[in-house]
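Beneath this line is the structure, given in structure tokens, with notes to follow.
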Amino acid sequence: MAILMNGKEVAQSLRRDLAKEVSNLRERGIEVTLAVVLVGSDPASEVYVRNKHKACLEAGIRSLQITLPEATTEERLLSEVEKLNADPKINGILVQLPLPKHIDEKKITEAILPIKDVDAFHPENVGRITLGTPRFLPCTPAGIMDLLAFYGVNAEGRRCVVVGRSNIVGKPISSLLLAANGTVTTCHSRTKDLPSVTREADILVVAVGKPKMLTADMVKPGAVVIDVGIHRGEDGKLCGDVDFASVEPIASYITPVPGGVGPMTIAELLANTLRAAKYQNNL
Ligand code: NDP
């Protein structure tokens, strides 16, 4: 039986700590503020934005939501980002992805001022992670590292296997595990004989976006298993990329879905917004 890595609880304690810091800054006249831009009405994005707004309010962070219609042009969105970049009262800017097809996401991501880029998607922030001088860490990988730290799981010298190489999860978590002195292998859809690679992992991070794909025969007994995936099953229940029922009995630690990596992601967004406010005020 594995120990459950309770992201909900760890995230709550992180949020309590940062709420204290936010309140200290307010006493010094600094109102920590996040601007979230949503274009269109994708239902999943609307839920994410609503949750982020709620989490900000709970932590005492001012949350400004800018909702633009689906037909918004790239120029209009760029000018909105420019306005937020220039506004000294705005500490963090997040443009909710995905954007409508007619807008170039790369252009928008690159338009956000790197010191306000709380998602850490700007090439400057991505480069800093690779160089080992990060300013902000992307929220999901940061949440995974904090969860590992909370449970005393040290990557140093251990075999770490990441399944998935997306820019928002797979690549950055591979970099962070490497920076933590793990020996890291990153797998993807062209990896040959995936189970033979995943079975070598002491720490296994799964971000493939395929429900219950990672089964017990792909896991070394005693491995630490981090499940990033989130899916709504046919039974209406949430599940991850890991087949929890078969893997949990053989893992040493495992993140549940829901209540594992997901809650950490939002807490890290708040932490990045606080960090941004401190940078911008030379604190
Ligand atoms: P992407 O779809 O961007 O990336 C999936 C990756 O998995 C790709 O690199 C792909 O390889 C690889 N892959 C797909 N199929 C296989 C396979 N059969 N064998 C090996 N590798 C494979 O996903 P994301 O990284 O954005 O997200 C992954 C999951 O995590 C999703 O379920 C998403 O909803 C969830 N998520 C959860 C978050 C949270 O806060 N809990 C935050 C972000 C994401 P290739 O590059 O070759 O195509």
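As the structure lists them, so they are numbered: ligands from 1, and atoms in each ligand from 1.
Nearest to atom 13 (N) of ligand 1 by heavy-atom distance, out of Val257, Leu214, Val208, is Val208. For atom 26 (O) of ligand 1, the choice among Val162, Ile168, Thr186 with the nearest heavy atom turns out to be Ile168.
Counting heavy-atom neighbours within 6.0 Å of Glu234 CD, excluding the residue itself, gives a total of 12 or less.
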So Glu74 and Asp104, side-chain contact (heavy atoms from CB on, under 4.5 Å) or not? Walk me through it. CA-CA 7 Å; Glu74 191 174 276; Asp104 181 352; 3.2 Å; yes
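With a 4.0 Å heavy-atom cut-off, ligand 1 is reached by the side chain of Thr140 but not by its N, CA, C or O. With a 4.0 Å heavy-atom cut-off, ligand 1 is reached by no atom of Thr191. Contacts of Met264 with ligand 1, taken as heavy-atom pairs under 4.0 Å, are absent altogether. Only side-chain heavy atoms of Thr265 come within less than 4.0 Å of ligand 1; its backbone N, CA, C and O stay farther off.
Two different hydrophobic clusters hold Leu84 and Ile115 under the rule that ILVMFWY side chains link at heavy-atom gaps under 4.5 Å.
Between Phe136 and Phe121, the gap from one ring centroid to the other reaches at least 6.0 Å.
A donor-acceptor contact closer than 3.5 angstrom is absent between the side chains of Ser175 and Thr130. No side-chain N or O of Arg128 forms a donor-acceptor pair with one of Asn125 less than 3.5 Å apart.
For atom 36 (N) of ligand 1, a protein heavy-atom neighbour is present inside the 4.0 Å cut-off.
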